[in-house]
Amino acid sequence: MDYEAEQIVLLFFPDHETVQITSTLYESDDKIFVTTRANVLGQESLHTESTDNRTLSKRELGNLVKRSAFFALRPLSSLPTPWGILTGVRPTKLIRMLLEEGKNEHEIRHILQEVYLVDAEKIDLAVSVALEEMNHPQNRNDVCVYIGIPFCPTRCAYCSFISGTGAVATHEEYIRLLLLEIKRTGEIIRDLGLSLRAVYIGGGTPTSLSPTLLEKLHYGICTYLPIYDTMEFTTEAGRPDTVTPEKLQILKRYGTNRISINPQTLHDETLRRIGRRHSAQEFFDAFAMARDIGFTNINTDLIAGLPGEDFPMFRYTLDAVLSLAPESLTLHTLYIKRASAFRQSGNLFSNVPAVTEMLSYTYREATQRGLKPYYMYRQKATVGNLENVGYSMPGTASFYNTVTMTDCAHIFALGAGGVSRLLLPDKVVRVFNFKHDDGYTRDFETVLKRKEEFYKIKV
């Protein structure tokens with residue numbers, strides 16, 4: 001019960017050191033009761049939930065505890081809770097489970113509203129995404145490869161990403177070792193007879209590499225992995241100031257067919273505030289450059305809730321980006337990591353009602369333009385308890401992104417910070433690389449040894 005109550009505390013009080021909460025389970029008069037007592041800086045609240053069901057499943061008992069904690073804490077906090085007691089990174093996981101149990105859409109909507117206390121707009125979003133996800137059943141013969149490049153031109157003020165720019169020599173050594181890991185992974189994929197469905201090069205900022213190293217990386221990928229023309233091949237070109245015609249030509253030449261160019265916002269004063277050194281115009285230039293070179297599947301990332309931005313500012317950014325007709329749009333709600341410059345400085349301000357309006361406006365505008373939500377996830381301590389959503393035009397959704405939310409294929413994650421996911425018959429097993437690039441390069445033999453874990457999936 002402590003875990004369930006703790007999850008609800010985090011909804012209302014992300015920095016919950018001032019919260020005292022106790023939940024008590026007991027039986028009386030053929031009913032099961034959970035009473036939660038909450039105290040926040042001397043203010044107290046009490047709530048009791050009960051049920052006639054004497055044979056509760058683990059999920060039902062957890063929900064009873066969560067509801068008791070939810071109603072006890074709600075009078076003591078001003079934070080909105082649009083997802084009710086539906087906690088966790090993957091809101092659609094429950095919906096897929098209910099569909100597999102034979103529930104129809106009407107029954108699921110009723111459960112989300114009455115049991116989990118989810119707002120109507122979020123129910124629409126979650127059901128829409130879950131139905132898209134159901135088009136991808138688990139296949140333990142499929143694999144995606146993630147390749148991490150842990151370098152950025154600058155560190156954003158909301159991010160705690162470990163690596164900065166990195167010296168050229170650091171880049172060179174990292175890529176040298178990464179190619180060895182890619183080579184070994186390709187051998188394992190062939191040994192196991194797996195079908196490679198997608199390659200995703202992320203970071204960090206892959207295009208912060210020099211053209212020489214970027215080409216060396218892509219040449220190695222095409223040499224060592226079983227790449228084919230029609231598979232999904234994504235390279236993040238996230239920072240517009242790292243995008244050049246030469247780099248885009250390299251990506252195109254080696255088969256990248258999906259890229260991400262991320263303005264985050266189109267207001268230069270905000271970009272300076274959050275530690276990004278590109279301008280809004282550089283984003284427009286990079287996007288046009290990519291179109292001219294022939295990229296027909298471009299994603300753009302935006303962030304709702306950036307400090308100093310109100311709804312009209314966000315609306316300007318979204319409308320301008322949508323006017324470019326990107327094939328995908330990913331909207332992140334501001335999440336300030338613990339080790340970030342913003343959190344360390346106490347600069348955590350955001351207008352929650354405005355951020356809520358930003359997400360609602362994005363849903364309306366994106367769907368009206370034919371972009372459907374296809375993947376979604378949540379993070380603890382996100383502004384307004386809101387979500388991150390990926391939208392795409394029909395036929396352009398990222399299979400790799402879907403896999404990260406549904407476990408419908410294995411993920412072999414390479415490079416610093418990589419976390420592989422192996423689909424075993426009875427569980428999902430994670431295999432971790434070293435988190436930081438210096439640990440990765442210093443103890444690379446251990447990285448290669450851990451690749452042998454991939455053979456666990458052989459049936």
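Given the structure is predicted, the values throughout are model-derived calculations rather than measurements.
Taking the six-membered ring where the residue is Trp, Y391 and Y363 present tilted rings, their angle falling between 30° and 60°. Using the six-membered ring where Trp is involved, Y316 and H267 have ring planes that are tilted, between 30° and 60° apart.
A donor-acceptor pair is defined here as one N or O able to donate and one able to accept, closer than 3.5 Å; no such pair exists between the side chain of N262 and the backbone of Q264. In this structure, S77 contributes its side chain and L79 its backbone to a donor-acceptor pair below 3.5 Å. Side chain of T396 to backbone of E327: a donor-acceptor contact under 3.5 angstrom is found.
In this structure the side chain of T87 reaches within 4.5 angstrom of the side chain of I8, judged on heavy atoms. Between V199 and T234 there is no side-chain heavy-atom pair separated by less than 4.5 Å. Side-chain contact between L424 and V428: absent, with no pair of heavy atoms (C-beta onward) separated by less than 4.5 Å.
Y26 OH: more than 12 foreign heavy atoms inside a 6.0 Å radius. Open room surrounds CZ on R37; 12 or fewer heavy atoms of other groups in view lie less than 6.0 Å from it. Atom CG of D29 has 12 or fewer heavy atoms from other residues, nucleotides or ligands within 6.0 Å. Heavy-atom contacts from other residues, nucleotides or ligands closer than 6.0 Å to CZ of R450 number more than 12.
Note on K66 versus E4: no salt bridge recorded, every NZ/NE/NH1/NH2 to OD/OE distance being 4.0 Å or above. Remark: K451 engages E181 in a salt bridge, criterion side-chain N to carboxylate O under 4.0 Å. A salt bridge does not link K380 to E6: none of the charged nitrogens lies less than 4.0 Å from a carboxylate oxygen. Salt-bridge annotation for R109 and D124: present, with a side-chain N of the basic residue lying under 4.0 Å from a carboxylate O of the acidic one. Checked for salt-bridge contact, R96 and E133 meet the test: a charged N lies under 4.0 Å from a carboxylate O.
Side-chain atoms of T36 and S68 include a donor-acceptor pair closer than 3.5 Å.
What you find for L371 and P326 is that their closest heavy atoms are CD2-O, 3.9 Å. When all heavy atoms of F295 and I259 are compared, the pair lying nearest together is CE2-CG2, 3.7 Å.
Among residue pairs with one or both ends in residues 391-408, those qualifying as salt bridge (charged side-chain N to carboxylate O under 4.0 Å, His left out) are R90-D407, D407-R421; sequence neighbours excluded.
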### Task
Determine, step by step, whether V34 and T24 satisfy the side-chain contact (heavy atoms from CB on, under 4.5 Å) criterion, reporting the C-alpha distance in whole Å, the side-chain angles of both residues, the deciding distance to 0.1 Å, and the verdict.
CA-CA 5 Å; V34 174; T24 305; over 6 Å; no
### Task
With side chain to side chain donor-acceptor pair (under 3.5 Å) as the test, would you mind laying out the steps for Y174 and D438 before giving the verdict?
CA-CA 9 Å; Y174 181 83; D438 57 347; over 6 Å; no
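Stacking of R184 on the aromatic ring of F454 is not recorded, the 6.0 Å distance cut-off and the 45° axial limit not both being met.
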